[in-house]
Asks: 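Mind having a look at this structure? Questions to follow.
All heavy atoms count here, side chains included; hydrogens, waters and symmetry mates do not. Starting from 1, each residue takes its place in the sequence as its number. In this text the structure is predicted, and so the values were computed from the model without any measurement.
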Amino acid sequence: MFLLDPTSIVLALLVLTLVVFVCDLARYDLVALGVACALALTGVLDAEQAFAGFASEAVILIACMFVFSHAFSRCGIANLLSRAFLRGTHSGERGLVARITVLSGLLSAILSNTAVVATMIPVCNGVSRRKRISLSRILMPMAFGSLLGGLVTVIATSTNLVVNQSLRDTGVEPFGMFDFSLLGLILLGVGSLYLVGPGRKLLPRSPVGQSLSERYQVPRFVTEILVEPSSSLINRSVADVEVLRKHGVTVLGLVRAHGESPILAPGPYNRIRADDTLILQGSPEDILALSEELPLRQKPEVEAQGTRLVSDDVLLVEALIPAGSSLVGSSLKTAEFRTRSGLNVVAISKTSGVQLARLNEVELEMGDTLLLQGHLPDIERAGEERDVIMLSEVAAPRFGSKGWITVGILAAILLLAALSHTISLSALALLGVLTLIGTKAVRADDAYRSVDWSVLALVGGMLALGRAFQQEVLTPEQTDGLAGTIASLLKDGSLTPHVLLILLLAGTVLLTQVLNNTSTAIIMTPLALQFAEIAGLEARPFLMAVITGASLAFLSPVAHQANAMIMGPGNYKYRDFLRVGTPLTIVLSVVAALMIPIMWPFVAA
């Protein structure tokens with residue numbers, strides 16, 4: 001039916017996938033689903049094989065860890081630990097960086113690193129303000145620490161789990177819960193020393209003490225307009241005025257005439273009166289177009305430095321769009337954000353800069369930050385729903401009996417996994433989630449909502465590609481020439497096992513900077529197994545090179561979700577990741593290349 005043989009189809013799909021990922025031409029999860037469908041439709045894999053990844057232990061475990069991360073956040077455990085660990089830091093910036101890096105690493109050993117980053121950003125923001133230390137000096141160490149913490153336990157990241165799944169699929173014994181904990185702790189320690197020492201000198205320094213209005217340049221796009229007695233706006237509610245939405249203008253406040261109290265973040269029941277002053281957010285062009293359509297007169301003096309936009313009940317807060325948010329890929333208009341949340345979006349900060357015009361039409365991305373205006377209850381409710389993460393330290397959940405239940409269940413899973421290699425880790429984790437729901441520590445609906453289904457789609461689809469790659473490309477017939485060359489080089493000493501490991505580690509590190517780490521691990525794991533088989537060596541050291549290399553995602557904000565999430569709050573540029581991350585990647589790669597053969601010898605004793 002198809003002109004190409006299975007090997008060519010797999011290689012073509014692999015190259016196409018890499019190009020789409022690197023160029024960011026489509027969503028990762030949709031590409032992975034398309035790859036699985038293509039493999040099934042072309043007959044490279046039968047349907048059962050192509051979709052087996054979606055029912056794999058790795059996918060079940062990843063889903064369960066999302067639920068546990070949600071439970072830790074909901075019960076206030078991670079927040080409590082963060083606040084307790086960082087409370088009373090008197091050692092200055094150096095000590096603060098050390099604490100934050102170690103704390104994020106240890107938390108990420110049992111929780112997803114994106115959940116840890118989402119929890120710690122508001123805490124770091126509060127510490128930054130109290131200590132008058134630039135937020136950019138502590139967020140990057142926090143994110144990098146969370147990536148290194150993923151090397152402490154096998155359940156810490158999806159990367160570790162998909163490598164284990166690939167090993168199961170090929171009949172190789174997977175890694176145990178704490179098999180590489182020592183290496184992970186060593187790398188976390190070395191990384192912390194670097195970030196406290198020479199790395200700290202490379203960290204950027206953003207302005208301290210800037211108000212949100214100043215940072216987001218609010219005065220440039222906030223205008224006060226007087227409602228003329230002849231205006232058609234009179235006696236209409238703010239929510240009912242279609243002409244405002246047509247021109248992309250938002251009403252942030254109503255200042256009543258005759259000395260009445262101003263109404264900030266007005267709701268649908270607040271009506272406009274003659275001689276009201278409307279505080280409007282929009283570009284000068286949009287305000288001008290609105291003024292031409294309606295009889296409005298611009299006031300010469302504007303008090304938009306923040307005091308005019310806030311009150312005892314109405315706040316200006318900064319919020320982050322995290323990984324897994326339903327807002328990603330949507331606009332404020334299509335997501336009906338104002339209707340659902342009751343909050344006004346005053347400005348949006350993206351990697352390209354601050355956006356203050358036509359905000360309803362801007363496509364939102366993970367890592368974008370929003371300047372929100374709204375009533376305190378609406379802000380707290382939006383923070384609880386986790387579509388946005390409030391960067392200010394608003395009311396944190398209290399640690400109670402549900403918190404102890406969550407800790408106990410996770411501790412029991414870790415203990416059983418450590419004591420027995422015969423018990424299925426995915427079955428333990430799923431039983432733990434059911435126990436969380438049964439004890440009402442987590443509601444069933446919240447458990448489903450907490451799972452980032454795009455990650456599961458990515459893992460399931462890429463596992464199919466990895467299986468096809470190993471089945472059709474890395475066959476003895478296809479690799480005879482490579483096997484002969486490697487064997488010859490090893491025999492005459494031109495190539496040593498150590499050099500082979502370094503090449504694999506370096507290749508994984510470079511690939512993970514432009515792909516996501518999960519896809520990189522799935523692609524590189526079959527190569528690691530093949531290299532070990534060709535060289536007649538133990539597979540463990542080469543597999544650890546892949547796991548380690550996929551975790552050293554420090555060189556760009558797109559290399560990992562944790563990096564993307566700190567871009568906006570830390571006001572980082574791409575070059576900041578290169579400047580701080582390059583030496584760190586080199587140092588940790590050298591340490592890993594030295595330690596891996598010691599801990600996992602090339603030849604079994």
Side-chain angles (χ1 to χ4, degrees), residues 73 78-79 82-83 86 93 96-97 100-101 103-104 107-108 113-147 195 203-218 315-325 327-328 343 345-355 362 364-372 379 382-383 386-394 396 554 556-577 580-581:
S73 297
N79 194 289
S82 299
R83 291 170 187 268
L86 300 178
E93 183 184 279
L96 185 60
V97 168
I100 286 173
T101 307
L103 175 63
S104 64
L107 286 175
S108 294
N113 31 35
T114 52
V116 170
V117 170
T119 299
M120 289 192 66
I121 286 177
V123 179
C124 289
N125 192 34
V127 172
S128 165
R129 292 182 182 278
R130 288 194 297 272
K131 301 292 181 182
R132 305 287 297 175
I133 293 173
S134 174
L135 189 59
S136 62
R137 307 283 290 175
I138 56 179
L139 282 189
M140 191 174 286
M142 182 268 291
F144 286 0
S146 75
L147 296 181
L195 291 167
L203 290 167
R205 193 182 297 276
S206 58
V208 179
Q210 239 185 355
S211 71
L212 289 176
S213 292
E214 291 169 337
R215 180 180 169 191
Y216 282 87
Q217 308 163 39
V218 169
L315 305 177
L316 273 180
V317 295
E318 198 174 9
L320 171 76
I321 298 180
S325 169
L327 296 176
V328 175
L343 302 174
V345 178
V346 182
I348 300 174
S349 177
K350 302 177 77 70
T351 54
S352 56
V354 176
Q355 310 249 346
V362 175
L364 301 173
E365 300 172 320
M366 179 187 63
D368 287 351
T369 52
L370 313 178
L371 181 61
L372 303 176
I379 290 171
R386 311 301 282 182
D387 263 343
V388 293
I389 303 296
M390 298 301 167
L391 301 188
S392 302
E393 293 183 281
V394 293
F554 307 127
S556 81
V558 300
H560 197 279
Q561 292 173 329
N563 295 349
M565 288 172 65
I566 64 168
M567 274 285 284
N571 199 24
Y572 293 114
K573 310 297 182 190
Y574 275 74
R575 62 177 177 270
D576 296 327
F577 287 90
V580 181

Asks: Between atom CE of M120 and atom CG of L103, what is the distance when rounded to the nearest 0.5 Å?
Replies: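 These two atoms lie 4.0 Å from each other.
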Asks: Go through the steps to decide whether L370 and L364 satisfy the test side-chain contact (heavy atoms from CB on, under 4.5 Å), and finish with yes or no.
Replies: CA-CA 10 Å; L370 313 178; L364 301 173; 4.2 Å; yes
Asks: Go through the structure and list residues passing side-chain hydrogen bond (donor to acceptor under 3.5 Å, both in side chains) with S556, not counting sequence neighbours.
Replies: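 Not a single residue meets the side-chain hydrogen bond (donor to acceptor under 3.5 Å, both in side chains) criterion with S556.
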Asks: Begin from the C-alpha positions of V346 and L372 and carry the test side-chain contact (heavy atoms from CB on, under 4.5 Å) through to its verdict.
Replies: CA-CA 6 Å; V346 182; L372 303 176; over 6 Å; no
Asks: Going by heavy atoms in the side chains, are C124 and I100 under 4.5 Å from each other?
Replies: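 Contact flag for C124/I100 side chains = yes.
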Asks: Going by side-chain hydrogen bond (donor to acceptor under 3.5 Å, both in side chains), name the residues that satisfy it together with N563, two or more places apart in sequence or in a different chain.
Replies: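 Not a single residue meets the side-chain hydrogen bond (donor to acceptor under 3.5 Å, both in side chains) criterion with N563.
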Asks: Roughly how far, to the nearest 0.5 Å, is NE2 of H560 from CE of M565?
Replies: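 If we round to the nearest 0.5 Å, M565:CE and H560:NE2 are 10.5 Å apart.
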Asks: What residues form a side-chain contact (heavy atoms from CB on, under 4.5 Å) with P141, not counting sequence neighbours?
Replies: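 So P141 forms a side-chain contact (heavy atoms from CB on, under 4.5 Å) with V97, T101, L195, L203.
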Asks: Could you give the distance from CD (E365) to CD1 (I348), rounded to the nearest 0.5 Å?
Replies: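 Between E365 CD and I348 CD1, I get 10.5 Å after rounding to 0.5 Å.
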Asks: Quick check: closest heavy atoms across P204 and R137, and the distance to 0.1 Å?
Replies: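 What the structure gives for the nearest pair is O-CD, 3.1 Å.
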Asks: List the atom of K350, the atom of D368, and the distance in Å for their closest heavy-atom pair.
Replies: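 It is NZ-OD2, 2.6 Å.
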Asks: Kindly indicate whether the side chain of V388, heavy atoms from C-beta on, has any atom under 4.5 Å from the side chain of L327.
Replies: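 V388 reaches L327 side chain to side chain.
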Asks: With heavy-atom distances below 4.5 Å as the criterion, would you say the side chains of T369 and M567 are in contact?
Replies: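 T369 does not reach M567 side chain to side chain.
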Asks: Take I566 and F144 through the test side-chain contact (heavy atoms from CB on, under 4.5 Å) and record every step on the way to the result.
Replies: CA-CA 11 Å; I566 64 168; F144 286 0; 5.7 Å; no
Asks: Would you find a donor on one side and an acceptor on the other, under 3.5 Å apart, between the side chain of Y572 and the backbone of M140?
Replies: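 Indeed, once roles are kept as given, a pair shorter than 3.5 Å links the two residues.
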Asks: Kindly give the heavy-atom pair with the smallest separation between L139 and P569, and that separation in Å.
Replies: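 Scanning both residues, the minimum pair turns out to be CD1-CB, 3.7 Å.
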Asks: I would like to know whether N571 and S136 meet side-chain contact (heavy atoms from CB on, under 4.5 Å); could you show each step before the answer?
Replies: CA-CA 7 Å; N571 199 24; S136 62; 5.9 Å; no
Asks: What are the two closest heavy atoms between P322 and D387, and how far apart are they?
Replies: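 The answer is CD-O, 3.2 Å.
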Asks: What are the two closest non-hydrogen atoms of R205 and S134, and how far apart are they?
Replies: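 Minimum heavy-atom contact is C-OG, 3.7 Å.
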Asks: Kindly write out the residues that satisfy side-chain contact (heavy atoms from CB on, under 4.5 Å) with S146, not counting sequence neighbours, or none if the list is empty.
Replies: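 If we apply the side-chain contact (heavy atoms from CB on, under 4.5 Å) test to S146, skipping adjacent residues, the hits are S104, S108, N113, V117, A562.
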Asks: Does the side chain of I389 come within less than 4.5 Å of I121's, by heavy atoms?
Replies: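 No; the side chains remain at least 4.5 Å from each other.
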